[in-house]
Amino acid sequence: MTDAARARAGASLRGLAVGDALGSQFFVPANRAAFDSRALPPAPWSWTDDTEMAASVVRVLADHGGIDQDALAASFAEHHDFDRGYGPGTGRLLRLVREGGDWRVLARDAFGGQGSWGNGAAMRVAPIGAWHAGDPAAAACDAALSAEVTHPHPEAVAGAVAVAVAAALAADAPRPPGPFLDTVLAHVPAGAVRDGVAEARRLLTLSDPRAVAGVLGNGRLVAAHDTVPFTLWVAARHRDDYATAFWATASAGGDVDTTCAIVGGILAAPPAPWLAATEPLPAWADPV
Ligand SMILES: [Mg+2]
């Protein structure tokens with residue numbers, strides 16, 4: 001565990017928070033027209049559950065040097081703010097953990113015993129990849145551990161692995177879009193998420209994010225497999241340009257705070273004025 005890893009995880013968290021906070025402004029009706037012309041809405045931009053949970057991920061990385069599942073569940077539950085837009089399943093799970101429930105039982109029992117396949121594990125995971133920059137296998141391992149705490153379904157785990165590996169690569173060395181997604185694919189287990197990322201790889205020849213989201217999904221189903229492939233297509237194509245990546249992601253609609261949080265966490269370098277307009281991160285999350 002190094003100071004550099006802490007700094008990278010902190011940068012990823014800030015990128016994630018800006019994407020989440022600005023993306024969530026999309027849902028304010030008065031801001032819709034402004035978004036169409038790429039005008040920024042009035043500050044401050046408040047972040048949502050994506051950032052609150054990612055802050056716990058960073059706290060646990062900094063304290064434990066990796067993902068300790070019990071510590072992560074405890075931090076999720078302790079910091080759970082009902083008003084941050086949590087999905088009903090995760091909100092209920094965290095309330096029951098806070099009341100003494102066992103996350104291992106509660107997370108598995110959800111959704112008829114399958115566990116959630118929602119995008120809630122992928123939305124918070126990018127800092128794990130940044131922590132493990134250049135070591136995608138380690139990123140994949142900690143991403144899977146982090147997902148299991150609330151989203152143990154194999155597709156939700158695969159979504160978290162895919163995003164964390166992408167973040168580990170983005171925080172390492174420049175790669176062209178094709179090899180970038182090929183390396184992600186090498187670490188993602190078979191299933192709908194992996195099929196979607198493979199399709200994203202094939203669609204790198206396209207340039208219209210709305211057309212691509214029409215094929216891959218935009219998070220409208222709030223499922224890992226309809227959220228993660230499109231975000232990785234954007235991250236692969238616009239790895240060095242946070243603002244362009246943000247507008248490409250937001251233009252597709254859907255679960256905009258989460259898709260923009262994922263892309264923002266991978267790219268990890270928001271424009272300074274955007275960071276200044278975003279609600280400050282909680283002090284307890286500071287990894288340095
Ligand atoms: Mg959210």
Side-chain angles (χ1 to χ4, degrees), residues 12-29 31-32 35 41 43-59 72 75-95 110 116-128 143 146-147 149-151 156 159-160 162-164 167 213 217-228 230-232 234-235 242 245-247 249-268 270 274-275 277-282 285:
S12 174
L13 178 60
R14 290 190 291 277
L16 188 157
V18 171
D20 174 23
L22 181 52
S24 71
Q25 300 300 308
F26 184 86
F27 298 111
V28 178
N31 292 338
R32 292 274 171 79
F35 258 98
W45 310 328
S46 297
W47 37 259
T48 76
D49 55 335
D50 310 54
T51 299
E52 190 160 81
M53 297 192 95
S56 281
V57 168
V58 170
R59 183 71 266 150
L72 188 60
S75 185
F76 283 159
E78 178 187 353
H79 298 109
H80 169 222
D81 175 351
F82 180 85
D83 292 326
R84 294 285 183 178
Y86 285 80
T90 301
R92 176 175 179 277
L93 176 104
L94 297 181
R95 177 173 58 77
S116 174
W117 61 32
N119 57 23
M123 74 184 188
R124 66 191 186 219
V125 80
I128 292 177
S146 75
V149 171
T150 54
H151 291 70
V163 172
N218 61 5
R220 187 177 57 82
L221 305 177
V222 204
H225 71 266
D226 107 298
T227 303
V228 169
F230 172 61
T231 62
L232 296 193
V234 174
Y242 186 105
F246 173 84
W247 292 117
T249 311
S251 73
D255 192 3
V256 180
D257 58 313
T258 287
T259 53
C260 292
I262 291 172
V263 172
I266 295 171
L267 268 58
W274 294 20
L275 182 60
T278 297
E279 175 188 7
L281 289 164

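One-based numbering, in listed order, for ligands and for the atoms of each. Throughout, numbering of the chain's residues begins at 1 and tracks the sequence.
Applying the side chain to side chain donor-acceptor pair (under 3.5 Å) criterion to Asn218, with sequence neighbours excluded, gives no partner residue.
For the Mg ion (ligand 1), protein N, O or S atoms closer than 2.8 Å were enumerated as Thr48 OG1, Asp49 OD1, Asp50 OD1, Asp257 OD2, with waters left out.
Contact annotation: the side chain of Thr90 approaches that of Met53 to within less than 4.5 Å [non-hydrogen atoms, C-beta and beyond]. When side chains are defined from C-beta on, Arg124 counts as touching Phe76, because their heavy atoms get closer than 4.5 Å. Side-chain contact between Pro41 and Val28: absent, with no pair of heavy atoms (C-beta onward) separated by less than 4.5 Å. Residues Pro282 and Trp47 are in side-chain contact: their nearest non-hydrogen atoms beyond the backbone lie under 4.5 Å apart.
Shown here for Ser56 and His79, the closest heavy-atom pair between the two residues is OG-ND1, 3.8 Å.
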